[in-house]
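To keep things clear, I will list the structure first and then write my remarks on it.
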Number of protein chains: 2
Amino acid sequence: MLNQSAPLDLLFQALADPTRRLMVERLSRGPASVSELAQPLAMSLPAVLQHLQVLETSGLVRSQKTGRVRTCRIEPTALRTAEQWISERRAHWERCFDRLGDYLAEHPDDPQKGNES
Amino acid sequence: MLNQSAPLDLLFQALADPTRRLMVERLSRGPASVSELAQPLAMSLPAVLQHLQVLETSGLVRSQKTGRVRTCRIEPTALRTAEQWISERRAHWERCFDRLGDYLAEHPDDPQKGNES
DNA sequence: ACAATAGTTAAGCGAGTGCTTAACCAAAGT
DNA sequence: ACTTTGGTTAAGCACTCGCTTAACTATTGT
């Protein structure tokens with residue numbers, strides 16, 4: 001796909017991993033340091049760092065270093081972007097469904113059949 | 001992570017690919033056959049089939065074969081599941097933000113500083 | 001000065017992803 | 001009957017992902 005790196009790719013990719021979702025859940029309850037983030041996770045620190053980096057390049061999380069501790073916080077606008085895409089699709093689909101409803105209301109014959117693969 | 005195959009993994013993974021999102025967009029405007037789905041995509045039919053399979057195992061799309069044509073349609077409940085997870089996180093975060101607002105309103109001193117990494 | 005704490009970098013490895021081509025099957029059209 | 005159309009399966013390949021260990025840096029506590 002030639003890696004066009006669109007924002008939504010990064011966003012959904014970031015959310016696709018359970019560890020990363022856990023990190024987001026933790027951060028949605030307030031900021032945390034890297035080791036606080038790592039504490040409930042059964043993996044090495046570098047692994048956590050890598051997940052954090054994915055979250056940062058997706059825009060879901062921002063972090064800043066003060067002294068020797070890096071504090072991470074959620075970036076709610078990114079979450080909003082993903083939510084928006086989904087709800088737009090839902091809106092499209094619901095409009096389409098309404099039209100189908102209208103159609104079926106006016107054509108009460110239904111010759112539909114098929115085998116699930 | 002030992003592949004626990006949680007529904008949200010499959011869902012977000014499925015949405016993380018631009019081709020698959022295009023297919024979902026197409027299907028959110030109404031059902032389509034496999035080749036209709038493939039027509040605007042610059043890739044082979046088997047590749048499209050593979051994307052379709054990812055969408056199906058994620059629960060986002062359902063399809064049925066009638067004669068020799070397979071008709072695909074969106075499964076809106078799955079889309080809803082993903083949206084819900086996000087909006088729950090947002091709700092958490094917003095509550096937390098409100099508490100921070102209260103705190104800042106009562107403590108008008110702000111000794112915050114840090115270097116972006 | 002020295003040690004402990006908090007994080008970071010680099011290299012490597014096995015499994016998974018996104019494509020391809022080639023070969024194939026089955027319903028529909030002529 | 002035979003060809004076209006619509007889809008499917010299998011194998012293979014380059015690349016990415018999620019993790020590891022080992023080594024290293026920088027701040028903080030004693």
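In what follows, chains carry the letters A, B, and so on, assigned in the order in which the sequence lines appear, proteins first and then strands, with residues in each chain numbered from 1. Treat the numbers as computed from the prediction; the structure is a model and nothing was measured.
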Between [atom2] on [N] and [atom1] on [X], what's the gap in Å once rounded to a whole number?
X	N	atom1	atom2	answer
Gln53(A)	dC17(D)	CD	P	12 Å
Gln64(B)	dT8(D)	CD	P	13 Å
Leu52(A)	dA6(C)	CG	P	16 Å
Leu49(A)	dC19(D)	CG	C1'	13 Å
Glu56(A)	dG7(C)	CD	C1'	13 Å
Arg20(B)	dT17(C)	CZ	P	9 Å
Asp17(A)	dT17(C)	CG	P	12 Å
Phe12(B)	dG16(C)	CZ	P	22 Å

Looking only at the side chains, is there a donor atom on one of [X] and [Y] sitting less than 3.5 Å from an acceptor on the other?
X	Y	result
Trp93(B)	Glu75(A)	no
Glu56(A)	Ser63(A)	yes
Arg89(B)	Ser28(A)	no
His92(B)	Arg29(A)	no

Legend entry - Nearest-nucleotide 5' precedence on DNA chain D, Thr71(B) against Gly67(A): Thr71(B)

Inset, instruction - Fit a plane to each ring of Phe12(B) and Trp85(B), take the angle between them on a 0 to 90° scale, and name the class: parallel (under 30°), tilted (30 to 60°) or perpendicular (over 60°). - result: perpendicular

Legend entry - Enclosure of Glu88(B) CD (heavy-atom neighbours >12, cutoff 6.0 Å):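 Atom CD in Glu88(B) is packed in, count exceeds 12.
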
Name the pairs: protein N/O against N/O of nucleotides 22-24 of chain D, kept only if under 3.5 Å.
none

Inset, instruction - Please examine the side chains of Cys72(B) and Leu27(B), heavy atoms only from C-beta on, and report whether any two atoms are closer than 4.5 Å. - result: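 A side-chain contact under 4.5 Å exists here.
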
Inset, instruction - Please evaluate the base of dT8(C) for a donor-acceptor partner in the side chain of Gln50(A) within a cut-off of under 3.5 Å? - result: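 When only heavy-atom distances are counted, Gln50(A) does not reach the base of dT8(C) through any donor-acceptor pair under 3.5 Å.
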
Legend entry - Side chain Arg68(A) and base dA6(C) donor-acceptor under 3.5 Å: no

Any idea which of [options] is nearest the [X] side chain?
X	options	value
Leu45(B)	dG7(D), dT8(C), dG7(C)	dG7(D)
His51(A)	dC19(D), dT8(C), dT20(D)	dC19(D)
Lys65(B)	dG7(C), dC19(C), dT8(D)	dT8(D)

Inset, instruction - Indicate yes or no for a side-chain donor-acceptor contact from Arg21(B) to the backbone of Leu15(B) under 3.5 Å, with no hydrogens or angles considered. - result: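 Yes, because the side chain of Arg21(B) sits within donor-acceptor range (under 3.5 Å) of the backbone of Leu15(B).
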
Legend entry - Positions of residues 32-42 of chain B (non-hydrogen atom under 4.0 Å from DNA chain C), listed by number: none

Legend entry - Spacing of Gln64(B) atom CD and Arg70(B) atom CZ [to the nearest 0.5 Å]: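 The CD atom of Gln64(B) sits 9.0 Å away from the CZ atom of Arg70(B).
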
Inset, instruction - Find the distance between CZ (Arg62(A)) and OG1 (Thr71(A)) and round it off to the nearest 0.5 Å. - result: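 Result: 10.5 Å between the selected atoms.
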
Inset, instruction - Respond yes when some side-chain nitrogen or oxygen of Arg70(A) is under 4.0 Å from OP1 or OP2 of dT8(C), and no when none is. - result: yes

